[in-house]
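Only one structure is covered here, and it is reproduced in the block below.
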Amino acid sequence: MAFLMYGDPKVKYLCSCGSMKPISRIYFCRHCMKIKCGFCVSHEVDLHYCSNCLENLPSTEARLKKNRCGYCFDCPSCQISLNTRAVSQAVPNPDDPSKMLSKKSYYLVCAFCRWTSREASIPDQNVANGGWPEIDCPNSKRVAELVDHYQEISLQEKDEEERKKKYQVRPSYFHYAEKYGLSAALAKKRMGGTPQRETRTQQSALVPAVASEEVEELSDSVFIEQLELNKVTTIKQRLASPEIQPTVVSQLYPLHKSLLVKRSLRCRDCEHNVSKPEFNPSSTKFKIQLSAFYHVPDVKFLTCEPVFIGKRSELIITVCNPTQHQSSFKMHPFELNLGAKGSGDAEESAPGLKLCLPECARDAQFKINGTIKLPTTEFQLLPRDDTAEFDDSNKGPTFNDDPKVVVWRRGNKIALRMAVSPDADAEGVLSIGFVIEYSYVNTMTTLEKKEPQKVKLKTHILLRPGPIFKSSQ
Amino acid sequence: MNSLTMLYEGRNLISEKPVVVIDIGRAYTKCGFAGESAPRCIIPSEFLCKSTGASKKVFDYETRDQLYQNFVEFGHILFFKYLLVTPKDRKVVIVESLLNPSLERDTLAQVLFSYYELSSVCMVPSHMVSLYTLAVPTALVLDIGYKEAVLIPVVENTPVLHAYQALALAGEAVELNLRKLLESQCKEEEQFYLKAKPLPNSTVEDIKVRGCFVTKLDRAQMIQASVKEPSVSAPTPPPDLPYPLGGDRSITIPGTSRELAYEVLFELDNDLMSIATMILDAILKCPLDTRVSLAENILLIGGTSMALGLKSRLQQELLDLLVTPQYIKKLALKKFCFHNPPAKENYVAWLGGAIMGATNSIVKRSVTREDYSKVPKIPDWADLSFNCNDGVKRG
């Protein structure tokens, strides 16, 4: 599987935005019948959840809690989830001091770096969940005052502007107002408005900050005492709690675990979802998942003879029909009319808002340095049938295939033989391309079309079979 | 959560979508929501590059398209890993330096409008909005970040642009200096090791943050004198610091390296400039009647200004420079006062943007998506098409 996720894949599909991606990374929008990729769909936050307790939080609650889980904590030292550990202590029974009672208390401990909440001198708790003392941002009061002050100023500014507008000479509509009985309403509005404005003009009693001449001196102990590196926090530990930024280890305080989100993806053209996860945080399934490998013929690279300049090599690829419907496909030479295609859609929207794909990436992807001899006939592919894998009787319909082109055929899969040859001046890795035109049965029912409709679609595919060798000794 | 923050969060509940405030720095990016007293996250401005699998800095680009791609990738991290909001139809405040290249701000605006489909973008200059955290109209704002130190005096809420100062004396210069010092001052076998396998940038940064400090002026002068004349004895260096490398090695960081790493900010370079002369030069370029109030309202922002002892050293340097022949006849200042904003230095500018984003003025000052779709440009002080009377008209 690793080759699908990482590295440079051998087979890439052209997305409608112009980037090239392996089939595992693209989507197929069934509504506009185009290939979409992670770059050109719009991402949305679907739900917030905590990765530790797998509880989902509604978005208002998540916002109130500053996108953090109320019960789970991260280690301030190494940012790994903290565990709650229980210890039982013997305490004297209040009724009968001669007897001892065992009482449970809880503290937080990191299983990785062994940091405990006792190091931050947080007292042990009597309940396992919650109740941990919170640390407050020391400046929040002052910041709130500042926000109020500036909000007042901006409202004042707005008022002044409105007043200016009022005194502008403009046609009088007073006779209309009287005619339609608006004057009473206007007077009421004015009466209500005036005292409000007066309160606003009162300046809030915000004390501007005063700079001080005294600054914190560097203490002489720096020059004498041995610095203990283990007691000084790293920059990562400091920035993990931006409001405090502790400099010594004893000031580290457990961090509320940050929430994670599930994303849903939406096609930018038709605004339909191409991927929507299930609402339950512990489920890894999707409500909608229009991955391309459920809809688009899956072209896989099978083998290729070593590629030499000036020589033809044999290339074998497989094409697989992943849909539940019989399909046919035909291959065409690769044509590069991308520029026209890309701008055609985009020009409709405003010029500034065009989604642009970096040109450089596009050029590098389309460096074709070889030719491929494509079969001219049309091939039929059976629908996908999961049981056919276990059926050895091979009773499927027979096709009139050219044995020179079709190597073998099994169920919904076909292996094709083709000849490739690199250009005379080609270097590096051979890359060749073709267009596959396939029939697709769209089962999406719309208001106008209730019946499933069969359409022909085209997809550009880029193959990189392997390195090119100079001579063929 | 205490009652105050709760009360204060109420503001965000009223407006359906809180305004997002982002300050993309060369080294670290601060981002969060308007009206809050601290950013939600301060993260390195880098992302994992999908094609190479290595981490890549946001501002590491050659062409505009690469920068576009970088901003897209980094935006995904900001919106879906830290802010956890859908960017579409949201308002955003971008805190940027006045000296930010037009290419970068135009590309960022393009990404925000066309890719993330935000409803409005408000770009605010970092030096100006920093004053929102103080509520004073006049201050000399010195931003010592990672790439460069930029100083812009602000007088009565107006930046005095012709007095701006910028020098490449910031976090990166300190790290380069520290690297050089380590390679020359470590023990011999360690020097050999360091040359064979240079320390990664993150390690050098860690040594800088945890082990180094800004020394006092008298000690620095003694050290400088001892370099020139062997007869003068240097002060006893601070203790050496054993520093573990990986899991199997450790190097000893000499006390002199710890003490001298930050000296690059204060040593006069070939043009006789340092961060202290930047302040004095800027004051000299400002009108006479503002000079005293500027000197008495100095605001240091940026992560590097959090270094241990930097503020007091800067003050000593300023007072010391005042009596040098270069300034003694020109400046009649007596004291230099520093502000203590209600934030850590590394997110002061962000906090200014967050305070501004919580007020109504953002509605008026933002460029909306509709405006941008008509004229795909963001107003820029350096662009004459916005600064002339017959400039681009919007709406």
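Everything quoted here is computed from the prediction, not taken from an experiment. Quick note on labels: first sequence line is chain A, next is B, and so on, each numbered from 1.
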Any donor and acceptor pair, going by atom type alone, linking the side chain of A:R268 with main-chain N or O of B:Y115 inside 3.5 Å?
yes
A:L239 and B:N346: CA distance, side-chain angles, deciding distance, side chain to side chain contact (heavy atoms under 4.5 Å, CB included) verdict:
CA-CA 10 Å; A:L239 299 181; B:N346 54 0; 3.7 Å; yes
Using the ring of each side chain (for Trp, its six-membered ring), is A:H43 parallel, tilted or perpendicular to B:F80, with breaks at 30° and 60°?
tilted
Turns out that what part of B:M306 lies under 4.5 Å from chain A's heavy atoms comes down to side chain
Heavy-atom distance under 4.5 Å to chain B: side chain of A:Q237, backbone, both or neither?
neither
Heavy-atom pair count under 4.5 Å with chain A, highest-scoring of B:P342, B:G357, B:A38
B:P342
For chain A, which of B:L134, B:T359, B:L241 has the most heavy-atom pairs under 4.5 Å?
B:T359
Honestly, the part of B:D240 sitting under 4.5 Å from a heavy atom of chain A is backbone
Heavy-atom pairs under 4.5 Å with chain A: which of B:F336, B:Y132, B:Y243 has the most?
B:Y132
Neighbour count above 12 (heavy atom, 6.0 Å) for B:E370 CD
no
Of all pairs that satisfy salt bridge (Lys or Arg N to Asp or Glu O under 4.0 Å), the ones with a partner from residues 227-248 of chain A, not counting sequence neighbours:
A:E228-A:K231
Heavy-atom pairs under 4.5 Å with chain A: which of B:P39, B:P235, B:P87 has the most?
B:P39
The interface call for A:I224 against chain B, heavy-atom contacts under 4.5 Å, is backbone
SB check A:E271 B:K88 (cutoff 4.0 Å)
yes
Between B:Y347 and chain A, which part of the residue has a heavy atom less than 4.5 Å away: side chain, backbone, both or neither?
side chain
Step by step, would you call A:L218 with B:L308 a side chain to side chain contact (heavy atoms under 4.5 Å, CB included)?
CA-CA 7 Å; A:L218 189 70; B:L308 205 59; 3.8 Å; yes
Among A:R263, A:H48, A:H256, A:E225, who wins on heavy-atom pairs under 4.5 Å with chain B?
A:R263
Mark yes or no for whether B:Y82, through its side chain, and A:S258, through its backbone, hold a donor-acceptor pair below 3.5 Å.
no
Examine whether an atom of B:R219 lies under 4.5 Å from a heavy atom of chain A, and if so say whether it belongs to the side chain, the backbone or both; otherwise answer neither.
side chain
Heavy-atom cut-off 4.5 Å, strictly under: side chain, backbone, both or neither for A:T233 against chain B?
backbone
Closest heavy-atom pair and its distance - A:V143, B:E36
CG1-O, 4.2 Å
CD (A:E217) and CD (B:Q316) are apart, to the nearest 0.5 Å, by 5.5 Å
Report the C-alpha distance between A:R266 and B:E117 in whole Å, list the side-chain angles of each, state the deciding distance to 0.1 Å, and finish with yes or no for salt bridge (Lys or Arg N to Asp or Glu O under 4.0 Å).
CA-CA 13 Å; A:R266 203 178 277 281; B:E117 300 179 84; over 6 Å; no
In terms of heavy-atom proximity below 4.5 Å to chain A, should B:P237 be classed as side chain, backbone, both, or neither?
backbone
When heavy-atom pairs shorter than 4.5 Å are enumerated against chain B, which of A:A62, A:S212, A:P208, A:A240 gives the highest number?
A:S212
With rounding to the nearest 0.5 angstrom, report the CD1 to CD distance, B:I298 to A:E213.
10.5 Å
Output yes when a side-chain donor or acceptor of B:N297 lies under 3.5 Å from a complementary backbone atom of A:A211, and no otherwise.
no
For a side chain to side chain contact (heavy atoms under 4.5 Å, CB included) check, start with the C-alpha distance between B:F33 and A:K66, then their side-chain angles and the critical distance, and finish with the verdict.
CA-CA 10 Å; B:F33 294 103; A:K66 295 193 159 192; over 6 Å; no
Among B:Q315, B:K311, B:R313, who wins on heavy-atom pairs under 4.5 Å with chain A?
B:Q315
As an exercise: rank B:E205, B:K335, B:E73 by heavy-atom pairs under 4.5 Å with chain A and give me the winner.
B:K335
Side chain, backbone, both or neither: which part of A:I135 has a non-hydrogen atom closer than 4.5 Å to chain B?
neither
Rounded to the nearest 0.5 Å, the CG atom of B:L84 sits from the CG atom of A:L57 at a distance of 11.0 Å
Hey, what do you get for CG (A:L229) to CG (B:D206), rounding to the nearest 0.5 Å?
7.0 Å
Side chain, backbone, both or neither: which part of B:V85 has a heavy atom under 4.5 Å from chain A?
backbone
Side chain from CB out, backbone as N, CA, C, O: work out which of these in B:V214 comes under 4.5 Å of a heavy atom of chain A, or both, or neither.
backbone
What's the shortest heavy-atom distance between B:A135 and A:L146, and which atoms?
CB-CD2, 3.9 Å
So CG of B:N360 and CD1 of A:I153: to nearest 0.5 Å the spacing works out to 12.5 Å
Check each atom of B:E296 against the heavy atoms of chain A and say whether the ones under 4.5 Å are side chain, backbone, both or neither.
backbone
Contact part of B:T215 toward chain A, heavy-atom cut-off under 4.5 Å: side chain, backbone, both or neither?
both
So what's closer than 4.5 Å to chain A heavy atoms on B:I207: side chain, backbone, both or neither?
neither
Using non-hydrogen atoms only, which part of B:K30 is less than 4.5 Å away from chain A: side chain, backbone, both, or neither?
neither
With respect to chain B, which residue among A:R142, A:Q226, A:E214 yields the maximal number of heavy-atom pairs within a distance under 4.5 Å?
A:Q226
Tell me, side chain or backbone of A:T234 under 4.5 Å from chain B's heavy atoms, or both, or neither?
both
Quick check: does any side chain N or O of A:E216 sit under 3.5 Å from a backbone N or O of B:S312, one acting as donor and the other as acceptor?
no
Given a strict heavy-atom distance threshold of 4.5 Å, which part of B:L67 is in contact with chain A: side chain, backbone, both, or neither?
neither
dist A:L260:CG -> B:K81:NZ (nearest 0.5 Å) comes out at 9.0 Å
At a heavy-atom separation under 4.5 Å, does B:R258 approach chain A through its side chain, its backbone, both, or neither?
side chain
